[in-house]
Undergrad: 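Take a look at this one; I'll ask things after.
We name chains A, B, ... by the order of the sequence lines, and we start the count at 1 in each one.
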Number of protein chains: 2
Amino acid sequence: MMELTRKGEYAIRGIVYLAGKPIDKVCLLSDIAAAVNVPPTFLAKIFQQFSKIGLVKSFRGTGGGFMLGRPPESITLLEVVEAVEGPIIPNRCVVSPSDCERSGECTVHPVWRRVQDEVRGVLEGVTLKELLTETQTHTTC
Amino acid sequence: MMELTRKGEYAIRGIVYLAGKPIDKVCLLSDIAAAVNVPPTFLAKIFQQFSKIGLVKSFRGTGGGFMLGRPPESITLLEVVEAVEGPIIPNRCVVSPSDCERSGECTVHPVWRRVQDEVRGVLEGVTLKELLTETQTHTTC
DNA sequence: CCTAAAAAGACATTTTATATCTTTTTAGGG
DNA sequence: CCCTAAAAAGATATAAAATGTCTTTTTAGG
Ligand code: SF4
Ligand code: SF4
């Protein structure tokens, strides 16, 4: 239960890798994929989602590639995960209580809200910058 | 992401209902299923799992049915959820780090451990007794 | 124009979720 | 000793989600 999908795992790997590069450095998707050991075509889909919401910037054509959209210290793990997995929802009634006719007087309902808050809290408290190690900071791609 | 399945939702509904009955009262599966609005055949599978680990006691044949295996204040939501959904695992490396060759120096790994701890903590802190309302306590089935 | 690279969309396969149905076992009561 | 009620066990079915791949299109530099 509550398992991150491969997509989410790959998403984190890819963007953390990018966060270790100089902010203005454009990296090839193929290079990123090889470095983090993810199928390139799958990572492409993931980075397309990132690009749409500005988490990364993309450049097409010759000399194109990806760079981080914002400084690594301003991007949280929560953003990254939710970008590809959708919102953190421990139970469907958390997002739309009206879906369950029992939600009115349900005692379990608030528990899922708390789970949601705790998980979001943990993930929101971690930035990409904090996830970088010495060895991966500012290496070229 | 992190969504409880129907099975887990149904499991909670069913056992909370049972927890509201007198401890020695045997309830028919069909009655429970009807009361909590769950497909009877599906709930049967769920209660079979409960029965195997003693969360509920089952009685076969005429006059058979189910009753709670232990007092409601001693059964946590974590037990119930894990009984049918398996352990709370935000990412597979939490359970077997050796599956991921990056786990050695991975900075993300500990985050998933924290997520796991937080979620388990919330669910472990809630007992079936606490989930009962006035109206459902000690009603006959 | 030609080439490199990402974007977009269609397609394929596997796994998981969500059940249902049938047969078997167990137990009580006449 | 049957007959019936009820759970247990196992097989099967369908739908949805996960996990990729492939093809075509768009964009941009040289
Ligand atoms: S019964 Fe309660 S916990 Fe379950 S879906 Fe409805 S509101 Fe949510
Ligand atoms: S890269 Fe890190 S977080 Fe991802 S599976 Fe491996 S150890 Fe876990």
Undergrad: D:dT21 pairs with which nucleotide, Watson-Crick or G-U wobble, both distances below 3.5 Å?
TA: C:dA10
Undergrad: Please determine whether any donor N or O and acceptor N or O are separated by less than 3.5 Å between the side chain of B:Arg60 and the base of C:dT25.
TA: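 Yes.
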Undergrad: Rounded to whole angstrom units, what separation is found between the CZ atom of B:Phe59 and the C1' atom of C:dA27?
TA: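 Going from CZ in B:Phe59 over to C1' in C:dA27 covers 12 Å.
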Undergrad: Nearest-Å distance, CE (A:Met67) to P (C:dA6)?
TA: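 Going from A:Met67 (CE) to C:dA6 (P), I get 12 Å.
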Undergrad: Measure the distance from CD on B:Glu85 to P on C:dT16 and round it to the nearest whole Å.
TA: 13 Å
Undergrad: Mind running a 4.0 Å heavy-atom check of residues 37-56 of chain B against DNA chain C and sending the residues that fall below it, in number order?
TA: B:Pro39, B:Thr41, B:Phe42, B:Lys45
Undergrad: Could you report the tightest heavy-atom contact between B:Ser103 and B:Cys100, atom names first, then the distance?
TA: OG-O, 2.9 Å
Undergrad: Using atom CG of B:Asp31 as one end and atom C1' of D:dA7 as the other, report the distance to the nearest whole Å.
TA: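 Between C1' of D:dA7 and CG of B:Asp31: 14 Å.
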Undergrad: Is the charged tip of B:Lys57 near the ring of B:Phe59: under 6.0 Å from the six-membered ring centre and within 45° of its axis?
TA: no
Undergrad: Does A:Arg13 pair with A:Glu9 as a salt bridge, N-O distance under 4.0 Å?
TA: yes
Undergrad: CZ of B:Arg92 versus P of D:dA18: gap in Å, rounded?
TA: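 Rounding to the nearest Å, CZ of B:Arg92 and P of D:dA18 are 13 Å apart.
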Undergrad: Map A:Gly61 and A:Ser58 onto DNA chain C by nearest heavy atom, then report which one ends up closer to the 5' terminus.
TA: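 It is A:Gly61 whose nearest nucleotide is closer to the 5' end.
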Undergrad: Tell which nucleotide pairs with D:dG29, taking only Watson-Crick or G-U wobble pairs whose two distances are both under 3.5 angstrom.
TA: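 Its partner is C:dC2 (Watson-Crick or G-U wobble, both distances under 3.5 Å).
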Undergrad: Could you state the CD-C1' distance from B:Glu3 to D:dA18, rounded to the nearest angstrom?
TA: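 These atoms are roughly 14 Å apart.
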Undergrad: Counting side-chain heavy atoms from CB outward, which of D:dA8, D:dT4, C:dA5 is closest to A:Leu28?
TA: C:dA5
Undergrad: Output the rounded distance in Å from CG (A:Leu29) to C1' (C:dA8).
TA: 14 Å
Undergrad: If you compare every side-chain N and O of B:Tyr10 against the phosphate oxygens of C:dT18 (OP1, OP2), does one of them come in below 4.0 Å?
TA: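 Answer no for this pair, as no side-chain N or O of B:Tyr10 is under 4.0 Å from OP1 or OP2.
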Undergrad: Any Lys/Arg nitrogen of B:Arg120 or A:Glu118 sitting under 4.0 Å from an Asp/Glu carboxylate oxygen of the other?
TA: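 No, no charged N to carboxylate O under 4.0 Å.
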Undergrad: For A:Lys21 and A:Cys27, work out which heavy atoms get closest and say how close.
TA: CG-SG, 3.8 Å
Undergrad: Send over the distance from A:Phe66 CZ to D:dT27 C1', rounded to a whole Å.
TA: 13 Å
Undergrad: Without hydrogens or angle criteria, can the side chains of B:Glu105 and A:Thr133 be said to hold a donor-acceptor pair below 3.5 Å?
TA: no
Undergrad: Report yes if a side-chain nitrogen or oxygen of B:Thr5 is closer than 4.0 Å to either non-bridging phosphate oxygen (OP1 or OP2) of C:dT18; otherwise report no.
TA: yes
Undergrad: Could you tell me whether B:Lys52 sits above the aromatic face of B:Phe50, with NZ or CZ closer than 6.0 angstrom to the six-membered ring centre and within 45 degrees of the axis?
TA: no
